[in-house]
Amino acid sequence: MINRPRRLRLNEKIRSLVRETSLQPQDLIYPMFVTEGRGVKQEIAAMPGQYRWSVDLLPAAIREVEEAGVGHIMLFGIPAPEDHDEIGSAAWAPDGIVQRAIAEIKSHSDIFITTDVCLCEYTSHGHCGQLDANGYVDNDKTLELLAKTALSHVEAGADMVAPSDMMDGRVAAIRARLDEAGRVNTPIMSYAVKYASNFYGPFREAANSAPQHGDRKSYQMDYHNGREAELEAALDVAEGADIIMVKPALPYLDVVARLRPQIKQPMAAYCVSGEYAMLQLAVSQGLVQPDIIYESHIAIKRAGADIILTYFAKELAWTLQADELQEVKQ
Ligand code: PBG
């Protein structure tokens, strides 16, 4: 026999030499939820191990993220119920929940902050933009609101903005507004390929952002479609997106792999709340080994993602640190 692939699997030393994919703490972005109040660290029922933090507790929470070796977070704001309105104006308030959270974090740490730019957490109807008379999300009117929101995050100190609303033309609108304000070096990570997915269920509980009527299918993508992902990604690249994201991740790795050869920009994939909930539950019940978490994230990288947004970021980074220590000791 000439070809014996098992030769390269004989022991860990040879396996690690020929390994094609790796995962490092710097690949990870940890999503965090910030809420009103003081002294609040409230576990999210559908996402055991994930919390809503009040602004005053964020610096300590961020210290834990940094200790794990994670240098990037994604911030989601949950405003007070009385701050919701038809157009989501609390999203761009200079003293809004995200704006205050950024300022507080940055006064203690230089962790890299990306903000989710969307209106669904701020609108009374829970849709990601302004509605017209028929209850349809008005694309072009929403662009202005998103651009304002993105700029207000950047003015508060955000390092990168990530629009997740799925309006057409939002990357161009945000880019133009940031540039006008002299923020030419602030990157945009676009949720370019975002499907209307059932996997966002736990997030909507976490952020109180479920739509009050209908669903998001008139703006988020139909999950029967793969070719359309190429169109969405190409449009966002043309509009100036610096990083292209696919979301969800694990059930959509075909889409990540399909886009990889086409997209020269870095690609991100978001392992979303429903993916987290399923893995976390199966591990906590002892149905599967905890290593399933690492394996799942390796699969996302193998498919072609450079960056992973994941609620497992801290625990993955701890595992990776521990593995490294062991290798040093050997
Ligand atoms: C806001 C937004 C959502 C998620 C990220 N940004 C929810 C949605 O689109 O309904 C989902 C993240 C997750 O499920 O972890 N539009």
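The basis for the numbers below is simple: all heavy atoms, side chains too, and nothing from hydrogens, waters or symmetry mates. Note that the structure is a prediction, hence the values are computed from the model and not measured. Counting begins at 1 with the first residue of the sequence. We count ligands from 1, going down the list as the structure has it; atoms in each ligand are counted the same way.
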Practice problem: May I ask you to say whether R177 pairs ionically with E144, meaning some side-chain N is under 4.0 Å from a carboxylate O? | Solution: yes
Quiz item: Do Y270 and Y311 have side-chain N/O donor and acceptor atoms under 3.5 Å apart?
Solution: yes
Self-check item: Pairwise ring-ring contact (aromatic ring centres under 6.0 Å, His included) hits with a residue in residues 163-196, at least two apart
Solution: Y195-Y252
Quiz item: What part of Y270 sits under 4.0 Å from ligand 1 if we count only heavy atoms: the side chain, the backbone, both or neither?
Solution: side chain
Quiz item: What protein heavy atom is closest to atom 2 (C) of ligand 1, reported as residue, atom name and distance in Å?
Solution: K194 NZ, 3.4 Å
Quiz item: Nearest protein heavy atom to atom 12 (C) of ligand 1, by residue and atom, and its distance?
Solution: F203 CD1, 3.3 Å
Exercise. Quick one: look up the protein heavy atom nearest atom 11 (C) of ligand 1 and list residue, atom name and how far away it is.
Key: K247 NZ, 2.9 Å
Quiz item: Between S273 and ligand 1, which part of the residue brings a heavy atom under 4.0 Å of the ligand: side chain, backbone, both or neither?
Solution: both
Quiz item: Can you check whether P163's main-chain N or O pairs, donor with acceptor, with R170's side chain at less than 3.5 Å?
Solution: yes
Quiz item: Can you name the side chain to side chain donor-acceptor pair (under 3.5 Å) partners of S109, sequence neighbours left out?
Solution: E66
Practice problem: Determine, using the 4.5 Å side-chain heavy-atom cutoff (strictly less than), whether I29 and V246 are members of one ILVMFWY cluster. | Solution: yes
Self-check item: Element-labelled atoms of ligand 1 that are located less than 4.0 Å from some non-hydrogen atom of C120
Solution: 1 (C), 16 (N)
Quiz prompt | Residue part near ligand 1, for D116, under 4.0 Å between non-hydrogen atoms | solution = side chain
Quiz item: Should F76 be listed as contacting ligand 1, given a heavy-atom distance under 4.0 Å as the test?
Solution: yes
Quiz item: For Y311 and ligand 1, does the shortest N/O to N/O distance drop below 3.5 Å?
Solution: yes
Quiz item: Any side-chain donor paired with an acceptor under 3.5 Å for H153 and T115?
Solution: yes
Practice problem: May I ask you to check whether S209 has an N/O atom sitting below 3.5 Å from an N/O atom of ligand 1? | Solution: no
Quiz item: Which atoms of ligand 1 sit under 4.0 Å from any heavy atom of S164?
Solution: 1 (C), 2 (C), 6 (N), 16 (N)
Exercise. Taking only heavy atoms of Q220 into account, list the atoms of ligand 1 that are under 4.0 Å away from them.
Key: 8 (C), 9 (O)
Quiz item: Are side-chain N/O atoms of Q130 and E86 paired as donor and acceptor at under 3.5 Å?
Solution: no
